[in-house]
Student: 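For reference, the structure I am asking about is given below.
Numbers for residues simply follow the sequence, beginning at 1.
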Amino acid sequence: MHGRRLYVFAMTKVTPLLLTACFLAACVAFGGSVGCKRNVPPAQSEQRNATVPSLRIYAISTLAGALEPCGCVKDMLGGIDHAAALMERSKKEAPNSLLLAAGPLWFLNPQLEPSREQQDRWKAESIADALSQMKLAAWAPGANDFAAGSGELQQLKGRSGALALAGNLQAFGQQLPQTKIIEAGGLKVGIAGVSDLADVHECKVTDAKGALAEGYQALMAQKAEIKIALIAAERGEALRWVEAQPGFDLAIIGKPMDKGDGNDPSIAPLLVNNTLVVQAPNHLQAVAIVDLFVDQSAGDSRGFKDGTGIDKAEEKDSLERRIADLQRRIGEWATSKEIKPEDLAARKVDLERLRAKLAALSVKSKPPEGSYFRYELRQIRDSLGRAPSVKQRISTYYKKVNDYNRESLKDRKPPEAEKGEPVYVGEEECANCHEEAEAFWLTTEHAGAYKTLADEFKEYNLDCVNCHVTGYEKPGGSTVTFVQDLKNVQCEECHGPGSKHSKDPDAKGLIRLTPPRDLCSSCHHTPHVHEDWDVNEAWKHIIGKGHGDKVADAK
């Protein structure tokens, strides 16, 4: 750090001339490069009480096209509007902040499917607009970012306002920047980026380890006060590079490539030499928050001590997840007639015990001297609220996609069934003989599955529709627009296409009488359900009188 001193003038009676002289002396002490300001930068004036960080770093890893979670169940992790709300509401506690990312941002997969390319491009634009509002400064790109070609990536980069940093990548016919210096909170923050990609279209990839070392030397030459590495690489490789190049204060890791909508578990932070290494889980399930408290009296000495207790971070993250899950379940049990009051009370006691344990682990401390950091992994949940402007961008995206897909896919029909094979006939045909079963089905959430999409302009969205209709893309079934009588999760989704059974209801083997429960996993899997979702527990909610409940039928 550059040596700076905070001078405090104790005065009782001062003349205007003396006051002016003192003020000018203080400005000079802070260096002409930052200018003479009436308010002392928080990095210096507020550091004494150790409550306001000199600089807060928000770190995103492998966002990979995750605009928001699917919304099939309440309080799912993720949502860029929730993340934006978190940053907005945290401005008072951390007025100086910087948003950085590592790993792919724009697309779910490294290749785009032709049938949904326009939808994915518009989603990427919505993400770029949101990140622009959140003031993303820089990211180390991943393979997914190149899925739509260099022209689209250039557009998204410009739209977001973020710099793609990768000293070992040549893309768009030119070398990507190796480093970036940003003034934040009165501090000179140096950022170096590398991306360890496999062969990517229009990219030439060179040695990432060497490029990271070169980036560090460049930051040293530019006299960066805080040095941050952005690394898109497999975790093991990234850790070896950080170990080989000591001196970075912070390293943010993201995956070099991601594929599919599966969510990764949380990864605990760790110290490699004196470098804090963080990696948030993919798809914006959480944001890593690093608060840096700079001791200006330390002069040119470098390094941040641990003011968190990194060894406790994994246990804290586990407790936070257990608390969130138990809160949700208690909310569900409170309205259930099957849960005994004493059992509900016991679970509330368990919740308070977990909260007390988390509070004990979360007691903040700081080293007796020198600069230090504090780390937190903040889960992105509904409880954070929504940044209105970002939420509006998301709504606009869904409406735009809905209108486009409704028209562009209007002639898309399901595959034809082979000759002699059954086709889907719809719930009304089934109800001709199974009135009790239909009456019960109408009380289940399956019966309103399509409406939940239509209410949010998502019924033609290719991310959503397949699990909200019956027989999607199956022979004789439905498509994104060709739904006819197959809206909602109907009888035939579990029992199979019923045309033959409808014509000859007494014949055996034409329909599945008892569907296998693993059928449910085609839609009911993470991240579309909570991790503790149990098919046997869920089964209780889809059987009833006339529909598989032998006890109810016997009454």
Side-chain angles (χ1 to χ4, degrees), residues 1-2 55 57 59-62 98 100-104 137-143 145-146 162-172 174-184 187-200 203-257 267 269-280 288 290 292 300-306 310 371 373:
M1 306 293 175
H2 292 300
L55 180 65
I57 306 294
I60 295 173
S61 300
T62 319
L98 196 58
L100 300 170
W139 95 101
D145 292 326
F146 298 86
L163 183 66
L165 277 182
N168 66 314
L169 284 188
Q170 291 182 15
F172 333 121
Q174 60 184 356
Q175 177 68 47
L176 265 63
Q178 183 180 59
T179 61
K180 173 71 173 178
I181 296 292
I182 297 175
E183 293 284 343
L187 297 165
K188 195 173 183 180
V189 181
I191 308 165
V194 293
S195 296
D196 188 36
L197 309 184
D199 293 334
V200 175
C203 266
K204 181 180 179 181
V205 184
T206 57
D207 175 37
K209 178 182 177 183
L212 187 64
E214 291 173 5
Y216 176 78
Q217 294 303 323
L219 295 181
M220 288 289 288
Q222 295 173 81
K223 301 187 183 303
E225 297 175 272
I226 296 173
K227 301 171 188 64
I228 300 174
L230 306 179
I231 305 175
E234 295 296 339
R235 184 172 176 82
E237 286 291 318
L239 293 177
R240 282 189 284 273
W241 301 340
V242 172
E243 186 174 27
Q245 180 52 71
F248 284 103
D249 299 299
L250 173 66
I252 301 169
I253 298 177
K255 295 160 70 173
M257 182 271 288
I267 299 174
L270 76 161
L271 285 167
V272 177
N273 297 321
N274 289 323
T275 301
L276 173 64
V277 180
V278 302
Q279 183 171 5
V290 180
L292 299 176
D300 292 330
S301 63
R302 292 181 289 108
F304 289 84
K305 298 182 177 67
D306 182 1
I310 287 300
S371 301
F373 68 81

Student: Does any N or O in the side chain of N168 come within less than 3.5 Å of the main-chain N or O of V205, such that one atom is a donor and the other an acceptor?
Tutor: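 Side chain of N168 to backbone of V205, a donor-acceptor pair under 3.5 Å: no, none is there.
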Student: Out of curiosity, L250 CG to F373 CZ, how far, rounded to the nearest 0.5 Å?
Tutor: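 Interatomic distance, L250 CG to F373 CZ, rounded to 0.5 Å: 9.0 Å.
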Student: Rounded at 0.5 Å granularity, tell me how far NZ in K180 sits from CG in L100.
Tutor: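 Output value for this atom pair is 12.0 Å.
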Student: Is the backbone of I253 close enough, under 3.5 Å, to the side chain of S61 for a donor and an acceptor to pair up by distance?
Tutor: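 Present.
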Student: Once you round to the nearest 0.5 Å, how far does CD1 of I226 lie from NZ of K188?
Tutor: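 One finds 12.5 Å between CD1 of I226 and NZ of K188.
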Student: Please confirm whether the backbone N or O of L219 pairs with a side-chain atom of T179, one donor and one acceptor, at under 3.5 Å?
Tutor: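 A pair under 3.5 Å: no.
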Student: Where do L230 and A101 come nearest, in terms of heavy atoms and distance?
Tutor: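 Smallest interatomic distance, heavy atoms only, reads CD1-O, 3.7 Å.
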Student: Give a yes or no answer on whether the side chain of K255 reaches the backbone of G142 with a donor-acceptor pair at less than 3.5 Å.
Tutor: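 No; judged by distance alone, with no hydrogens or angles, the pair does not exist.
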Student: Is a donor on one side and an acceptor on the other found under 3.5 Å between the side chain of T275 and the backbone of F248?
Tutor: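 Yes, the answer is positive, given that a donor and an acceptor are paired below the 3.5 Å cut-off.
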Student: Could you report the tightest heavy-atom contact between V194 and L212, atom names first, then the distance?
Tutor: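 In this case the closest contact between V194 and L212 is CG1-N, 3.6 Å.
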Student: Might you point out which heavy atoms bring S371 and G303 nearest each other, and give the distance in Å?
Tutor: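 That closest heavy-atom pairing would be CB-O, 3.8 Å.
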Student: If you compare all heavy atoms of P177 against all heavy atoms of A164, which two are closest, and at what distance to 0.1 Å?
Tutor: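 Answer, listing the atom of P177 first, then A164: CD-O, 3.4 Å.
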Student: Within this structure, what is the NZ-CD1 distance for the pair K209 and I231, rounded to the nearest 0.5 Å?
Tutor: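 Here the rounded value is 12.0 Å.
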Student: If I compare all heavy atoms of L176 with all of A166, which pair ends up nearest, and what's the gap?
Tutor: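 Here L176 and A166 meet closest at CB-O, 3.4 Å.
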Student: Measuring from I181:CD1 to K223:NZ, what's the distance to the nearest 0.5 Å?
Tutor: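 Here the interatomic distance stands at 11.5 Å.
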Student: Which of these, P256, P141, C203, P104, sits in a side-chain contact (heavy atoms from CB on, under 4.5 Å) with S195?
Tutor: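 So, applying the side-chain contact (heavy atoms from CB on, under 4.5 Å) to S195 and each of P256, P141, C203, P104, only P141 qualifies.
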Student: Would E243 and R240 pass as an ion pair if we require N to O under 4.0 Å?
Tutor: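 The answer is no: the pair does not qualify as a salt bridge.
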Student: Taking CD in E234 as the centre, count heavy atoms belonging to other residues, nucleotides or ligands within less than 6.0 Å. Is the count above 12?
Tutor: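 Open: at most 12 neighbouring heavy atoms sit under 6.0 Å from CD of E234.
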Student: If you count heavy atoms of other groups shown closer than 6.0 angstrom to CG of N274, is the number above 12?
Tutor: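 Atom CG in N274 is not crowded, with 12 or fewer foreign heavy atoms closer than 6.0 Å.
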Student: Ignoring hydrogens and geometry beyond distance, is a side-chain donor-acceptor pair present between W241 and D196 at under 3.5 Å?
Tutor: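 Note: W241 and D196 side chains miss the donor-acceptor criterion.
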Student: Can you tell me if Q178 uses its side chain to pair, donor with acceptor, with the backbone of G193 under 3.5 Å?
Tutor: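 Flag not set: sc Q178 to bb G193 has no pair under 3.5 Å.
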Student: Work out which heavy atom in V278 is nearest to a heavy atom in P269; give both atom names and the distance.
Tutor: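 Heavy atoms of V278 and P269 come nearest at CG1-CB, 4.2 Å.
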Student: Nearest 0.5 angstrom please: L187 CG to L292 CG, how far?
Tutor: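 Spacing of CG (L187) from CG (L292) equals 8.5 Å.
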